[in-house]
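One structure below.
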Amino acid sequence: MLDIKLLRNDVEAVAKQLAKRGFALDTQVFQVLENKRKTLQTATQDLQNERNTRSKSIGQAKAKGKDIQPLLAEVADLGDKLKAAEQDLLALQADIDDIVMGIPNLLDDSVPEGKSEDDNVEVSKWGELPTFDFEIKDHVDLGSPNGLMDFEAASKLTGSRFVVMRAGMARMHRALIQFMLDTHINEHGYTEVYVPYMVNEDSLYGTGQLPKFAEDLYKIQNGDKEADKSEQNYYLIPTAEVPVTNLVRDEIVDADSLPIKYTAHTPCFRSEAGSYGRDTRGLIRQHQFEKVEILQFVKPVDSEQALENLVKNAEAILKKLELPYRKVVLCAGDTGFSASKTYDLEVWLPAQDTYREISSCSNMKDFQARRMQARFRNPESTKPELLHTLNGSGLAVGRTLVAIIENYQNEDGSVRVPSVLQPYMGGMEILK
RNA sequence: GGAGAAGUGGCCGAGAGGCCGAAGGCGCUCCCCUGCUAAGGGAGUACAUGGUUUAUCCCGUGUCGAGGGUUCGAAUCCCUCCUUCUCCGCCA
């Protein structure tokens, strides 16, 4: 959520900023609503003031034993007027909130212009692209014989865009998670957290998935109980970002405790509505996948540097696995709703002859923190101030598995196990 | 799942329809005192938001788990929900 004061003081400037990312803010509508709000709110508060002062004098009169009947008669119609005004204000406020909650974050000045992923800018490249003197296969063809990777079984159990893994494949998948977590904990100073995989609506509003992106989420139905408005609705998490970032929701943390650095492994659940027909083959786009997430909550002055640090932590995993990748900075049009600036790490997939996203690292600045009132006490001003929140994948486990299988393949269709993973797999050198 | 108790500021905790944005304590900030340390004395210290403002100050409004209701007036009474604790049941 943007600072409402920013919108009030200079909507046009904000609209101009938002236009960079292709978001059209209707400044006219906002202005009209905002002007109405001002008059209505002032009027309502005047009425409330009147009620409060009169009620107080009634109380005082009563205490002195005076007759309060005449005073009561004077306030007879105040209640109705006030109730009407309050309800109008509430409705108007809801309209304004709808607009404000639907406005994406302002972009960092360093974000390049552009409309789509084609305009993202490559920052750096790492690793030598592997060369093969044989016909290479993709991860589905490499994984499917022996049933190491079984998409048909998964579609029987559940449906499309799920997978079953067996033996060495399942074990390497698990090994990757341990390896990533251990690296972030032991070498990058993150604290591991275990969190719920289901969250309530407040959490999803906090990180920005709601109200705009409900169709991407799975909502839980509790038995055959009808979803009731008065009861809490739970959703499966689309990323660990949601539960972990919401740890600081409605908290005022000590400045001394910053930066707070968390890592978590969770499954992620995405309905992938709107992506039908895209990446239908294999493990790239699933309804359920594992991810190791890294997050930092920092003072505003530190967030720019923290983003660089966070990306480096994600890159370290790719380097240890010796997977060639490149780092791109997302252009204005491709940067996500809540993000101010995003780096993607793209790993080399030889079978696709291209780089594919494997990590997305973003600085949200105070956008999420404002929504969830996540603050720290500034020792200088002694006042609570909004934190900056950052998160990134470190890394997406399924896609890392794909990258390993394709980059480490042999002519006979076997797959070598990266040396850093072998200790996690009982010394296994060839996947089986 | 059943029965009971509770949710108040950064933390603990008083508070039972008007004098309560809320006693007291802890913590924190500033000042005084003491050679250092320890101890002591004084003052200040919730958050959000509207008007005004670069910002403060000031005035107002809202907030005592959340949302509704009763009332001229609600932390306090009523209803619904959420959460926590205790006991019972079930269970990995």
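All heavy atoms count here, side chains included; hydrogens, waters and symmetry mates do not. What you are looking at is a predicted structure, and each value in this text was computed from that prediction instead of being measured. So you know, we letter chains A, B, ... as the sequences are listed, proteins then strands, and number each from 1.
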Enumerate donor-acceptor pairs with a distance under 3.5 Å from any side-chain N or O in residues 32-45 of chain A to protein atoms, sequence neighbours excluded.
from  : atom 1 : to    : atom 2 : distance (Å)
A:E34 : OE1    : A:R37 : NH1    : 3.2
A:E34 : OE2    : A:R8  : NE     : 2.8
A:E34 : OE2    : A:R37 : NH1    : 2.0
A:N35 : ND2    : A:Q31 : O      : 3.3
A:R37 : NE     : A:Q41 : OE1    : 3.0
A:T39 : OG1    : A:N35 : O      : 3.3
A:T39 : OG1    : A:K36 : O      : 2.9
A:T42 : OG1    : A:K38 : O      : 2.6
A:T44 : OG1    : A:L40 : O      : 2.7

**OP:** Starting at atom CD1 of A:I58, determine the distance to atom C1' of B:G73, rounded to an integer number of angstrom.
**Re:** 7 Å

**OP:** For the residue pair A:H184 and A:H188, categorise the inter-ring angle as parallel (less than 30°), tilted (30 to 60°) or perpendicular (more than 60°).
**Re:** tilted

Original post:
Under 4.0 Å between a side-chain N/O of A:R375 and OP1 or OP2 of B:A48, yes or no?
Top reply: yes

Subject >> Whole-angstrom distance between B:A5 and B:C79, as gauged at atom P >> reply: 13 Å

**OP:** Mind calculating the distance between NZ (A:K56) and C1' (B:C72) to the nearest angstrom?
**Re:** 14 Å

Original post:
Between A:Y262 and A:E293, do the side chains contain an N or O donor and an N or O acceptor separated by less than 3.5 Å?
Top reply: no

Original post:
Could you state the CG-P distance from A:N9 to B:A55, rounded to the nearest angstrom?
Top reply: 8 Å

**OP:** Both distances under 3.5 Å, Watson-Crick or G-U wobble: report the partner of B:A43, or none.
**Re:** B:U29

Subject >> B:G51 phosphate, OP1 or OP2, under 4.0 Å from A:R37 side-chain N/O >> reply: yes

**OP:** Say whether A:S203 and A:N200, considering side chains only, have a donor N or O and an acceptor N or O under 3.5 Å apart.
**Re:** yes

**OP:** Encode nucleotides 58-66 of chain B as B, S and - characters from 5' to 3', where the letter depends on protein heavy atoms closer than 4.0 Å: B to the base, S only to sugar-phosphate, - to neither.
**Re:** --BSS----

Original post:
Any side-chain donor paired with an acceptor under 3.5 Å for A:K341 and A:S110?
Top reply: yes

**OP:** Check the side chains of A:K291 and A:T239 for a donor-acceptor pair under 3.5 angstrom, ignoring hydrogens and angles.
**Re:** yes

Subject >> Selection from B:U70, B:G73, B:G10 that lies nearest to any side-chain heavy atom of A:S55 >> reply: B:G73

Original post:
How far, in whole Å, is B:U80 from B:G27 if one measures between their P atoms?
Top reply: 43 Å

Original post:
To the side chain of A:K38, which of B:C47, B:G51, B:G73 is closest?
Top reply: B:G51

**OP:** Would you kindly give the CG-to-P distance between A:D256 and B:U29, to the nearest whole Å?
**Re:** 11 Å

Original post:
Which one is paired to B:U54, where only Watson-Crick or G-U wobble pairs with both distances under 3.5 angstrom count?
Top reply: none

Original post:
Using atom C1' of each nucleotide, how far apart are B:A16 and B:A6 to the nearest Å?
Top reply: 16 Å

Original post:
Using a cut-off of less than 4.0 Å, is there contact between a side-chain N or O of A:K83 and OP1 or OP2 of B:U70?
Top reply: yes

Original post:
Mind checking the P distance from B:G13 to B:U8? Whole angstroms is fine.
Top reply: 8 Å

Using atom types as modelled, flag every donor-acceptor pair under 3.5 Å from a side chain in residues 79-86 of chain A to any protein atom, sequence neighbours excluded.
from  : atom 1 : to    : atom 2 : distance (Å)
A:E86 : OE2    : A:Q48 : NE2    : 2.9

Original post:
Just by distance, with hydrogens left out, do A:T207 and A:E241 show a side-chain donor and acceptor under 3.5 Å apart?
Top reply: no

Original post:
Taking atom P in both B:G1 and B:G10, what distance in whole Å separates the two?
Top reply: 34 Å

Subject >> Rounded distance in Å between the P positions of B:G73 and B:U63 >> reply: 13 Å

**OP:** Could you measure between the two P atoms, the one in B:G24 and the one in B:C30, and give it in whole Å?
**Re:** 23 Å

